[in-house]
Amino acid sequence: MKSAQSTSTQAGVAIRAAVAAIPRGCVASYGEIARRAGLPGRARLVGRVLGEAGAASLPWQRVLRADGRIAFPVGSRAFREQVRLLAAEGVRVHRGRVDLAAFGWDRDLDRLLWAAPRPGRRS
DNA sequence: TCCTTGACCATTA
DNA sequence: ATAATGGCCAAGG
């Protein structure tokens with residue numbers, strides 16, 4: 001058979017590997033996954049691949065939009081499912097959105113801890 | 001073959 | 001904060 005869906009292409013394999021690598025309790029954006037998969041600028045392809053069959057065994061719930069919001073319509077079946085799965089691994093979702101500074105995979109901890117404005121450093 | 005759609009994103013206003 | 005725009009590119013009609 002030659003049904004070469006995106007999930008069986010090289011890109012698909014790389015994307016799935018990147019998603020599988022997201023640590024439990026963390027989240028990453030579609031764009032970030034694309035970048036890690038060696039496909040910068042192809043966030044939409046990530047969404048497509050996750051939509052295809054085979055994503056069931058992946059931690060797809062850890063993939064969010066760049067602003068931390070869930071990519072499904074609020075209240076939809078997939079939306080509720082994603083919220084449930086994330087909550088199950090300790091990721092807090094508030095109003096369909098996750099705080100990337102707190103749960104983001106690539107968050108820079110140093111910058112986060114020192115985020116408080118220091119006196120004498122610009123306003 | 002052209003056109004539309006989409007689990008997206010960065011920039012600009 | 002929201003809205004419009006252009007880029008991205010694989011599927012499906």
Side-chain angles (χ1 to χ4, degrees):
Chain A
M1 69 221 261
K2 77 169 181 184
S3 56
Q5 298 178 314
S6 40
T7 53
S8 55
T9 65
Q10 185 176 34
V13 171
I15 288 171
R16 290 170 45 147
V19 172
I22 305 173
R24 183 191 158 84
C26 287
V27 296
S29 72
Y30 291 89
E32 193 177 314
I33 292 303
R35 196 162 48 67
R36 279 196 180 250
L39 303 163
R42 300 200 205 170
R44 304 186 82 150
L45 183 57
V46 174
R48 178 169 293 290
V49 169
L50 288 185
E52 300 286 332
S57 58
L58 294 173
W60 61 270
Q61 71 275 17
R62 298 174 191 158
V63 186
L64 311 172
R65 280 178 155 159
D67 60 4
R69 288 193 299 175
I70 285 176
F72 299 103
V74 180
S76 66
R77 188 112 162 301
F79 179 94
R80 290 194 307 271
E81 177 71 355
Q82 187 161 15
V83 171
R84 186 179 69 72
L85 290 171
L86 286 174
E89 44 184 75
V91 176
R92 294 201 313 189
V93 184
H94 190 50
R95 294 200 299 270
R97 177 169 158 195
V98 171
D99 183 354
L100 295 181
F103 300 100
W105 186 16
D106 269 357
R107 69 191 184 290
D108 183 326
L109 283 183
D110 288 326
R111 195 164 53 107
L112 176 66
L113 293 175
W114 289 97
R118 284 191 303 265
R121 185 65 164 116
R122 244 184 314 160
S123 86

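Excluded from the calculations below are hydrogen atoms, water molecules and symmetry mates; all remaining heavy atoms, backbone and side chain alike, are included. None of these values were measured; they are calculated from a predicted model. Below, chains carry the letters A, B, ... as their sequence lines are ordered, and counting in each starts from 1.
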Would you mind classifying the nucleic acid contact of A:G31 as base, sugar-phosphate or nothing, using non-hydrogen atoms under 4.0 angstrom?
sugar-phosphate
Without decimals, in angstroms, what is the distance between A:I15 CD1 and C:dC9 C1'?
11 Å
Any side-chain N or O of A:R42 less than 4.0 Å from the OP1 or OP2 oxygen of C:dC8?
no
Could you measure between the two P atoms, the one in B:dA7 and the one in C:dG6, and give it in whole Å?
22 Å
Minimum heavy-atom separation for A:A11 to A:L39, with atom names?
CB-CD1, 3.7 Å
Start and end of the DNA chain B segment that chain A contacts, any atom under 4.0 Å from a heavy atom
B:dG6 to B:dA10
For the residue pair A:Q61 / A:E81, report whether a side-chain donor-acceptor contact shorter than 3.5 Å exists.
no
So that I can tick it off, tell me whether A:D99 and A:R107 are bridged by a salt bridge, with the cut-off set at under 4.0 angstrom between side-chain N and carboxylate O.
no
Kindly indicate, with the supporting measurements, whether the criterion side-chain contact (heavy atoms from CB on, under 4.5 Å) is fulfilled by A:R35 and A:D106.
CA-CA 12 Å; A:R35 196 162 48 67; A:D106 269 357; 3.5 Å; yes
Looking only at non-hydrogen atoms, find the nearest pair between A:A28 and A:W105 and report the distance.
CB-CE3, 4.0 Å
Carboxylate-amine/guanidinium proximity below 4.0 Å for A:D67 and A:R65
no
